Amino acid sequence: MLSATGLVKTYRDHRALDGFDLTVDSGEIVGLIGHNGAGKTTFIEVVTGLVRPDSGALRIGGIDALRAGHGVRRLTGVAPQELALYNVATVHENLRLFTELRGLRGRRRDAEITQVLEELHLTDLASKPAGTLSGGQRRRVQAAGAMVGSPALLLLDEPTAGADPETRSALLSAVKRRAELGAAVLYTTHYLPELVDLDATLALARGGRVIARGTQHALTRDLPGELRASFADPAEPDLQLATKDPGADLAALLASGRVPVSIDVLRPSLEDLYLSLGCAVTGPEDHDAVV
Ligand code: ATP
């Protein structure tokens, strides 16, 4: 559904995108992660047509999106990192605008709005001006604006930033449902456990490129996990062992005659993956701590 090849975007002497390649298939959720300044938002801005790349190719639904007119953007729903709503308009009016931009009118439009309001637990807020809502409620409206009209490609740039657990869970459920219905979803976050909940495939960005791409299982398979144990004998220190073969190490532990009172086998986490790829190395552009 989305295919980007070799995208380059330079700001003065800085390459925000430096040969950025990424595909997202219909029904797939891709978690795009990487430190502050890795190029994630710039990539989304290129896909939405806000920023024109210096070079590279971009196809949306098989159409050359860098040459096509505005029509191809109708396939795309975006929730940008910065909230962009009409504060004086009600939630319903905001969603109506998003739906009409996507070319829907009449009963189909109204049905789409009703559904997305329910999906994101916004029905009771539909007649309130967006400017009177809390930050988390506005985040939900922004995500609803991306999803309404069922676009084939969803771009969600840190949609849960600052969200409370209820908002987060409503958003994640809605994202999963959209993917089940066939949308291609690109999802950026600094909160890695969300990507486990979404069962997303991963794309790790660094320095304006995607440096690793695959399923969570494939990318973490070869990393060491951890074996932890504590023992009945108080003189015996706790065990904390990085291991690529926890089964063999566990067997060795049990054969050793020591008597464990608790054993934990920890699989490699997304955070381990992130760190192993040097994504948390801070650069001059980094503003915040990562994960
Ligand atoms: P974050 O996690 O902080 O959202 P990001 O991965 O989305 O970061 P981008 O916002 O794409 O990163 O920024 C990539 C690089 O391009 C950064 O070094 C940033 O300072 C630079 N950049 C982005 N937009 C502009 C702009 N309009 N003018 C100049 N430099 C820019």
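The model shown is predicted, which means the values in this text are computed figures rather than measured ones. Both ligands and their constituent atoms are indexed starting at 1 by order of listing.
Salt bridge absent: Lys40 and Glu158 never bring a charged side-chain N and a carboxylate O closer than 4.0 Å. Look at Arg108 and Glu112 and you find a salt bridge, because one of the NZ, NE, NH1 or NH2 atoms lies within 4.0 Å of a carboxylate O, short of that distance. Comment: Arg213 engages Glu28 in a salt bridge, judged by a side-chain N to carboxylate O separation of less than 4.0 angstrom.
Atoms of ligand 1 found under 4.0 Å from any heavy atom of His190, numbered from 1 in the order shown, are 2 (O). Within ligand 1, the atoms closer than 4.0 Å to a non-hydrogen atom of Gly39 are 5 (P), 6 (O), 11 (O), 12 (O), 14 (C), numbered from 1 in the order shown. Close approach to Thr41 involves these atoms of ligand 1, each under 4.0 Å from a residue heavy atom: 4 (O), 5 (P), 7 (O), 10 (O), 11 (O). Atom numbering of ligand 1 starts at 1 in the shown order; those under 4.0 Å from a heavy atom of Glu158 are 2 (O), 4 (O). In the vicinity of Thr42, heavy-atom distances shorter than 4.0 Å reach the ligand 1 atoms 9 (P), 11 (O), 13 (O), 14 (C), 23 (C). Those atoms of ligand 1 that come under 4.0 Å of a heavy atom in Asn36, given as number and element, are 1 (P), 2 (O), 3 (O), 8 (O). Atoms of ligand 1 found under 4.0 Å from any heavy atom of His35, numbered from 1 in the order shown, are 6 (O).
Using a 4.0 angstrom heavy-atom cutoff, Lys9 does not count as in contact with ligand 1.
Nearest heavy-atom pair, His190 versus His35, reported as atom, atom and distance to 0.1 Å: CE1-C, 4.3 Å.
For CZ of Arg107, the number of neighbouring non-hydrogen atoms (other residues, nucleotides, ligands) closer than 6.0 Å is 12 at most. Within a 6.0 Å sphere centred on CZ of Arg258, heavy atoms belonging to other residues, nucleotides or ligands number more than 12.
Residue Phe43 places no N or O, backbone or side chain, under 3.5 Å from any N or O of ligand 1. Between Ala38 and ligand 1, an N or O atom pair is found at a separation short of 3.5 Å.
In this structure Phe20 satisfies the ring-ring contact (aromatic ring centres under 6.0 Å, His included) test together with Phe43, sequence neighbours excluded. With sequence neighbours left out, Arg168 forms a side-chain hydrogen bond (donor to acceptor under 3.5 Å, both in side chains) with Glu194.
Of the heavy atoms in Gln81, only side-chain atoms (C-beta onward) come closer than 4.0 Å to ligand 1.
The residue among Gly208, Gly37, Gly207 with a heavy atom at the shortest distance from atom 5 (P) of ligand 1 is Gly37.
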